[in-house]
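Every chain is numbered from 1 and lettered A, B, ... according to where its sequence line falls, protein lines coming before strand lines. Values below: every heavy atom of this structure, side chains too, minus hydrogens, waters and symmetry copies.
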Amino acid sequence: MTQDPLLAGLAALAADAPEGLYDRIAARWIRMPSRVGELTVAFTDHGVAYVHHGDGFAATFRKRFGRPLVESGRPPSGLMTALRTGRVGGLRLDLRGLSDFQRDVLTAAGSIPRGEVRPYSWIAARIGRPRAVRAVGTALGHNPVPLLIPCHRVTRADGDPGGYVFGAQAKERLLLDEGVDLAGTRELAEANVFYLASDTTGIVCFPTCHNARRITARHRRGFRTLADAAKAGYRPCRVCRPAA
DNA sequence: TCGGTGGCCCTTA
DNA sequence: ATAAGGGCCACCG
């Protein structure tokens with residue numbers, strides 16, 4: 001990529017062009033530490049466009065984005081903390097070139113708070129495509145900016161964390177790091193419990209919802225389905241929104 | 001209980 | 001343009 005003729009041509013063009021033109025065409029890349037090891041991150045003047053793990057960054061970037069690349073000495077502000085803590089803050093993302101469906105999926109995934117998880121089917125319901133559950137999985141598998149858009153917080157309905165672009169073990173590590181009680185949710189799943197309710201409030205939540213975690217043991221009730229909970233008189237939490 | 005399986009639907013080759 | 005296949009899910013035996 002260092003000897004890219006297209007890149008050289010564009011650089012030459014830019015020399016005579018208005019300030020900033022080149023930056024509108026090219027992307028910059030930089031290596032960054034993260035909770036799952038070293039990453040290569042590409043960004044444009046619109047924000048972070050691509051987060052890559054492992055080898056083959058340049059080839060994959062070229063295939064997916066077809067933009068020239070130049071190395072950068074300095075990360076965009078906020079990127080370092082976003083990667084370390086999982087809190088994105090005001091960091092800008094460049095999500096151009098994605099389909100509406102993909103953008104909808106990623107936006108919904110981005111709404112899952114740190115320390116919590118939601119099923120793939122929840123995303124599907126939230127974006128108004130309740131049957132596109134599997135397509136949600138593929139879209140998340142193509143998330144160009146993992147960690148920054150927390151697709152690792154989307155897990156399978158059966159309690160298994162499910163797959164991840166950077167590997168299932170990385171997903172588990174991230175979730176544990178964020179305070180998700182994976183052992184606890186697995187135990188619940190084994191007992192066929194996928195929702196938790198409080199008999200004092202009459203509200204039913206996803207188990208990792210911060211509201212569900214505060215239910216005291218004597219008032220906690222578990223349900224296998226939302227329908228079961230509704231039948232017992234519980235209404236869905238307005239924060240974690242277990243129903244569409 | 002668990003593995004198989006059909007359904008679903010978006011993307012890519 | 002069409003067919004295959006994917007970070008899934010619910011149901012069946």
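Of the candidate nucleotides dA13(B), dG7(C), dG6(C), dG7(C) has the atom lying nearest to any side-chain atom of Val154(A). Residue Arg131(A) has its side chain nearest to dC8(B) when only dA10(C), dC8(B), dG7(C) are considered. When distances run from any side-chain atom of Lys171(A) to the nucleotides dG7(C), dC10(B), dC9(B), the shortest one goes to dG7(C). Side chain of Gln102(A), nearest nucleotide from dC9(B), dT11(B), dC8(C): dT11(B). Here dG7(C) is the nucleotide among dG6(C), dG7(C), dT11(B) with the atom lying nearest to any side-chain atom of Tyr120(A). The side chain of Ser99(A) approaches dT11(B) more closely than any other nucleotide in the set dC9(B), dT11(B), dC8(C). Residue Phe101(A) has its side chain nearest to dT11(B) when only dT1(B), dC8(B), dT11(B) are considered. Checked against dG7(C), dC8(C), dC10(B), the side chain of Ala135(A) finds its nearest nucleotide in dC10(B).
Among the atoms of the strands shown, none is found under 4.0 Å from any heavy atom of Val136(A). Contacts of Gly162(A) with the nucleic acid, taken as non-hydrogen atoms under 4.0 Å apart, are absent.
His152(A) and Glu172(A) share no donor-acceptor pair across their side chains, judged by distance under 3.5 Å alone. Between the side chains of Asp228(A) and Thr225(A), at least one donor N or O lies within less than 3.5 Å of an accepting N or O.
Remark: dT5(B) base-pairs with dA10(C); criterion is Watson-Crick or G-U wobble with both hydrogen-bond distances under 3.5 Å. With a cut-off of 3.5 Å on both Watson-Crick or G-U wobble distances, the partner of dA4(C) is given as dT11(B).
Residue Arg134(A) has no polar side-chain atom (N or O) positioned under 4.0 Å from OP1 or OP2 of dG5(C).
We find that OH of Tyr164(A) is positioned 18 Å from C1' of dC8(C), with the value rounded to whole Å. At whole-Å resolution of the value, CH2 in Trp122(A) and P in dC9(C) are 14 Å apart. Whole-Å rounding puts the His142(A) NE2 to dC8(C) C1' distance at 14 Å. Rounded to an integer number of Å, the gap from Asp104(A) CG to dC10(B) C1' is 13 Å. What separates CZ of Arg129(A) from P of dT11(B) is a distance of 9 Å, to the nearest Å. Rounding to whole angstrom units, CZ of residue Arg186(A) and P of dT1(B) are separated by 14 Å. Straight-line distance from the CD1 atom of Ile149(A) to the P atom of dG7(C): 17 Å, rounded to whole Å.
Between Tyr50(A) and Phe57(A), the ring-plane angle classifies as parallel under the 30° and 60° cut-offs.
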